[in-house]
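I have placed the structure first, in the form of structure tokens, so that the comments after it can refer back to it.
A, B, ... follow the sequence lines: proteins, then strands. Residue 1 opens every chain.
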There are 2 protein chains.
Amino acid sequence: MSSAQSPKQESDTRSRILDSAWKLLAGKGAGAVRMSDIAKQTGISRQAVYLHFPSRAELLVATTRHIDQVKNVDERLAASRSARSGIERLDAYIAAWGNYIPEIHGVARALIALQDQDEDARAAWTDRMNAVRHGCAAAVAALSRDNQLSAELSEREATDLLCSLLSVESWEQLRQLCGWSQARYVELMQRTARRALLR
Amino acid sequence: MSSAQSPKQESDTRSRILDSAWKLLAGKGAGAVRMSDIAKQTGISRQAVYLHFPSRAELLVATTRHIDQVKNVDERLAASRSARSGIERLDAYIAAWGNYIPEIHGVARALIALQDQDEDARAAWTDRMNAVRHGCAAAVAALSRDNQLSAELSEREATDLLCSLLSVESWEQLRQLCGWSQARYVELMQRTARRALLR
DNA sequence: TGTTCACTTGACACTGTGTAAAGTTGACAC
DNA sequence: GTGTCAACTTTACACAGTGTCAAGTGAACA
């Protein structure tokens with residue numbers, strides 16, 4: 001997601017603020033994290049945070065992009081393209097995304113909660129969803145080339161299905177509720193996708 | 001969910017407050033709905049709302065239970081038990097729940113957003129998730145009795161799968177994002193479940 | 001007629017966001 | 001050394017929203 005980053009590199013403090021936000025959001029959840037918490041965690045004053053971000057909403061949106069960048073999501077997802085067969089590529093894509101989910105879960109929830117109030121957050125979330133959709137479309141297209149797709153499934157339907165499998169929010173909640181391990185969770189997603197897509 | 005309701009019937013005003021909350025949450029999303037909005041919508045003063053509910057969080061939690069009751073979810077879901085075959089029962093269960101999702105979506109989102117801050121909201125959400133899980137388990141058990149389940153799928157795995165299919169939050173977001181109609185969405189869920197569960 | 005209940009009005013304490021203004025500190029330029 | 005610039009600090013405040021409190025109203029009912 002968001003391969004586009006600002007040309008000049010992020011200032012040290014800005015970056016530290018984003019790291020703090022990330023850490024706190026993962027630990028306490030968006031509703032419980034205040035601007036003052038983030039400032040304290042960073043070791044600066046609350047007002048200093050506003051020197052770098054105009055609002056809480058923009059800070060949270062920036063945090064998701066920051067994590068994407070730090071964790072090299074684009075590279076991770078791109079790696080799935082080197083798989084030999086279509087099915088391996090599908091598995092690799094799901095694994096790359098599935099293993100990334102826990103890292104962004106806290107922030108993703110923040111983004112979802114913000115949607116009612118903030119236009120940017122709404123756009124950021126829709127972008128994420130669409131990025132996953134497009135990634136899925138590419139993986140499914142590779143599968144299609146291998147002719148392993150059952151005839152009655154159009155690519156679009158397959159993409160929709162995969163997309164639903166990969167949507168962040170409820171999967172991670174379910175994972176926690178059901179007590180699945182991360183590995184089991186990824187395996188479950190892969191098996192589900194295979195079952196859905198292959199005859 | 002929550003077949004248990006308080007013995008004495010809900011006061012008229014209390015019920016009207018809950019209806020207002022429901023309407024507003026569906027329209028604007030939890031983050032944008034204030035206590036004063038709910039009061040105004042109901043035609044009473046803000047303070048009067050606090051005569052019926054001790055806090056915003058408890059009001060929102062009560063709203064989910066109210067919708068469940070008004071919309072007769074328990075009955076709707078129970079109706080699926082009268083289906084003849086296991087597969088029909090599965091379809092009926094999914095349709096009952098799937099058609100209910102849009103009605104509670106706004107409130108469900110509110111509940112999710114509240115989780116970080118409020119213990120009751122957390123419990124209410126977990127209850128919902130578990131109720132769906134148990135409903136799924138029953139539907140899958142019926143399928144199992146029909147011996148239509150593929151051998152390698154344990155009931156537990158099947159339940160997990162179905163559960164993931166039925167989780168409210170991301171499905172409804174996806175439905176909107178992808179522009180699926182309600183009917184197409186339910187059909188998609190049913191087909192996905194069948195593919196996952198049957199060989 | 002008096003009491004009670006549901007509600008109203010107005011005031012206020014508290015928390016959190018965001019803004020504004022003036023002061024500090026360190027680095028770097030000359 | 002002196003000046004200056006940027007990043008940050010402290011203090012203060014405006015504003016919105018939640019939740020509380022106290023006194024008052026008005027209709028129903030005994």
>> Any donor-acceptor pair, under 3.5 Å, between the side chain of B:Arg46 and the base of C:dG10, if you only look at N and O atoms?
In response: no
> Between D:dG19, C:dT17, D:dG17, which nucleotide has the shortest distance from any of its atoms to the side chain of B:Arg34?
Replying inline: D:dG17
> If two hydrophobic side chains count as joined below 4.5 Å and joins carry through other members, does B:Tyr100 share a cluster with B:Val107?
Replying inline: yes
>> Measuring from the side chain of B:Arg56 (C-beta onward, heavy atoms only), which nucleotide among D:dT9, D:dG17, D:dG19 has the closest atom?
In response: D:dG19
> Is the side chain of A:Asp68 donor-acceptor paired with the backbone N or O of A:Val73 at a distance under 3.5 Å, no angle test?
Replying inline: no
>> Which nucleotide wins on minimum distance to the side chain of B:Gln47, given the candidates C:dG16, C:dT19, C:dT9?
In response: C:dT9
> Within the structure, does a side-chain N or O atom of A:Thr13 lie under 4.0 Å from either OP1 or OP2 of D:dC8?
Replying inline: yes
> Given B:Leu60 and B:Leu25, is the side-chain contact (heavy atoms from CB on, under 4.5 Å) satisfied, shown in steps?
Replying inline: CA-CA 9 Å; B:Leu60 298 183; B:Leu25 289 170; 3.6 Å; yes
>> Taking the minimum atom-to-atom distance to the side chain of B:Ala48, which one of C:dT8, D:dT18, C:dG18 wins?
In response: C:dT8
>> Tell me the interatomic distance from A:Ile17, atom CD1, to D:dC8, atom P, rounded to whole angstroms.
In response: 7 Å
>> What's the closest nucleotide to the side chain of B:Ile44 if the choices are D:dT20, D:dG17, C:dC7?
In response: C:dC7
>> I'd like to know if the side chain of A:Arg16 reaches the main chain of A:Thr42, judged simply by a donor and an acceptor atom lying under 3.5 Å from each other, with no hydrogens or angles considered.
In response: yes
> Can you tell me how far P of D:dA6 sits from NE2 of A:His52, to the nearest Å?
Replying inline: 14 Å
> To the nearest angstrom, how far is A:Asp12 atom CG from C:dG26 atom C1'?
Replying inline: 15 Å
> A:Ile38 CD1 to C:dG16 P: how many Å, rounded?
Replying inline: 13 Å
> Nearest-Å distance, CG (A:Asp37) to P (C:dT15)?
Replying inline: 13 Å
>> Rounding to an integer number of Å, can you tell me how far A:Leu51 CG sits from C:dA20 C1'?
In response: 12 Å
> When you check the gap from the basic side-chain N to the acidic O, do B:Asp118 and B:Arg56 get nearer than 4.0 Å?
Replying inline: no
> Paired with C:dC30 by Watson-Crick or G-U wobble geometry, both distances under 3.5 Å: which nucleotide is it?
Replying inline: D:dG1
> Under 4.0 Å between a side-chain N or O of A:Ser45 and OP1 or OP2 of D:dC8?
Replying inline: no
> Once you round it to whole Å, what is the distance between C1' of C:dT17 and CG of A:Asp118?
Replying inline: 14 Å
> Can you tell me how far P of D:dG17 sits from OH of B:Tyr50, to the nearest Å?
Replying inline: 12 Å
